[in-house]
Amino acid sequence: MAYWLFKSEPSAFSFADLEAGPTEWSGVRNYQARNYMMAMQTWDLGYFYHSRTEPIGIVGIVMIVRSAYPDYTALDPTSQYHDPRATPQKPIWQMVDIAFKMAFSQVVTLGRLRVTPGLEGMALLQKGSRLSVQPVTSGEWEIIHRLATALP
DNA sequence: GCCAACGTTGGC
DNA sequence: GCCAACGTTGGC
């Protein structure tokens, strides 16, 4: 069992959009993020993070409902995620399916994460961190989960 | 909207 | 293989 974090700009895809049903997490075009997705297993949990919005922060929990498989949008010339290097034999990019699990009663904001002891090493909080898919340690998961459930 | 930080591309 | 130029990300 591993823990993850998915970043999204709500103007592009929000947690409310995810509530509508399981979603193919397509369009990830970063090798490190792809490798993390390839390490995901069905039933793994993740935090869902809203960037470039107000408030910025973690809004809830998602579950991996399908482990990594080829991201077919890379093969689709009409897709904004098309990658001309991708072929059916070598799709290059992978995606997972994620589903809504629960929404926090309040956003655990980036500011709150930054001041919470024990989260100093969290990938999300490192300077210049841009990975849209990241691992979360079980210790970090616990701390954040406690923060979220302590909120009214 | 700005712009620093980052990853990728491509000429050499 | 180097690295400048470029496009993108994301906090502010």
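Each chain gets a letter, A, B and so on, in the order the sequences are listed, and its residues count up from 1.
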Handout entry: Connected hydrophobic set around A:V28, excluding itself, where side chains approach under 4.5 Å
Key =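 Besides A:V28, the cluster holds A:W4, A:F6, A:F13, A:F15, A:L18, A:W25, A:Y36, A:M37, A:M40, A:F48, A:V59, A:V62, A:I64, A:V96, A:I98, A:F100, A:V107, A:L131, A:V133.
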Practice task
With a 4.0 Å heavy-atom cut-off, tell me which residues in residues 83-97 of chain A come close to DNA chain B, sorted by residue number.
Solution key: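 Under 4.0 Å from DNA chain B: no residue of residues 83-97 of chain A.
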Exercise for the section: Can you run down the salt bridge (Lys or Arg N to Asp or Glu O under 4.0 Å) pairs that involve residues 109-127 of chain A, sequence neighbours left out, and say none if there aren't any? Expected result: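 The answer is none; no pair qualifies.
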Practice task
Among residues two or more places apart or on two chains, list those pairs meeting salt bridge (Lys or Arg N to Asp or Glu O under 4.0 Å) that have a residue in residues 10-38 of chain A.
Solution key: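 Matches after skipping sequence neighbours: A:R29-A:D71.
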Exercise for the section: Estimate the overall bend of the helix from B:dG1-C:dC12 to B:dC12-C:dG1 from the end axes over five pairs each, rounded to 10 degrees. Expected result: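 The end axes of the helix from B:dG1-C:dC12 to B:dC12-C:dG1 are about 10° apart, to the nearest 10°.
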Problem - Those residues that, when tested against A:R52, pass salt bridge (Lys or Arg N to Asp or Glu O under 4.0 Å) (two or more places apart) - result: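 Residues passing salt bridge (Lys or Arg N to Asp or Glu O under 4.0 Å) with A:R52: A:E9.
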Practice task
Could you list the residues that satisfy salt bridge (Lys or Arg N to Asp or Glu O under 4.0 Å) with A:D83, not counting sequence neighbours?
Solution key: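 For A:D83 the salt bridge (Lys or Arg N to Asp or Glu O under 4.0 Å) partners, ignoring immediate neighbours, are A:R85.
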Problem - side chain to side chain contact (heavy atoms under 4.5 Å, CB included) partners for A:R130, two or more places apart - result: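 Side chain to side chain contact (heavy atoms under 4.5 Å, CB included) list for A:R130, sorted by chain: empty.
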Problem - side chain to side chain contact (heavy atoms under 4.5 Å, CB included) involving A:L45 - partner list, sequence neighbours excluded - result: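 Scan of A:L45 (side chain to side chain contact (heavy atoms under 4.5 Å, CB included), adjacent residues dropped) gives A:M1, A:Y3, A:I61, A:M63, A:K101, A:W141.
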Problem - Sequence neighbours excluded, every pair satisfying ring pair (Phe, Tyr, Trp, His ring centres under 6.0 Å) that has a member inside residues 70-93 of chain A - result: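 The answer is A:Y31-A:W93.
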Problem - Close side-chain approach of A:M122 to A:L5, heavy-atom, < 4.5 Å - result: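 Heavy-atom side-chain distance check passes, below 4.5 Å.
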Exercise for the section: Could you list where the contact with chain A starts and ends along DNA chain B, reading 5' to 3', using a 4.0 Å heavy-atom cut-off? Expected result: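 Result: B:dC2 to B:dT8.
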Can you give each donor-acceptor pair under 3.5 Å made by side-chain atoms of residues 142-152 of chain A, sequence neighbours left out, with the distance rounded to 0.1 Å?
residue	atom	partner	partner atom	Å
A:T149	OG1	A:H145	O	3.0
A:T149	OG1	A:R146	O	3.2

Practice task
Map A:K127 and A:R52 onto DNA chain B by nearest heavy atom, then report which one ends up closer to the 5' terminus.
Solution key: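 Nearest-nucleotide comparison on DNA chain B picks A:R52.
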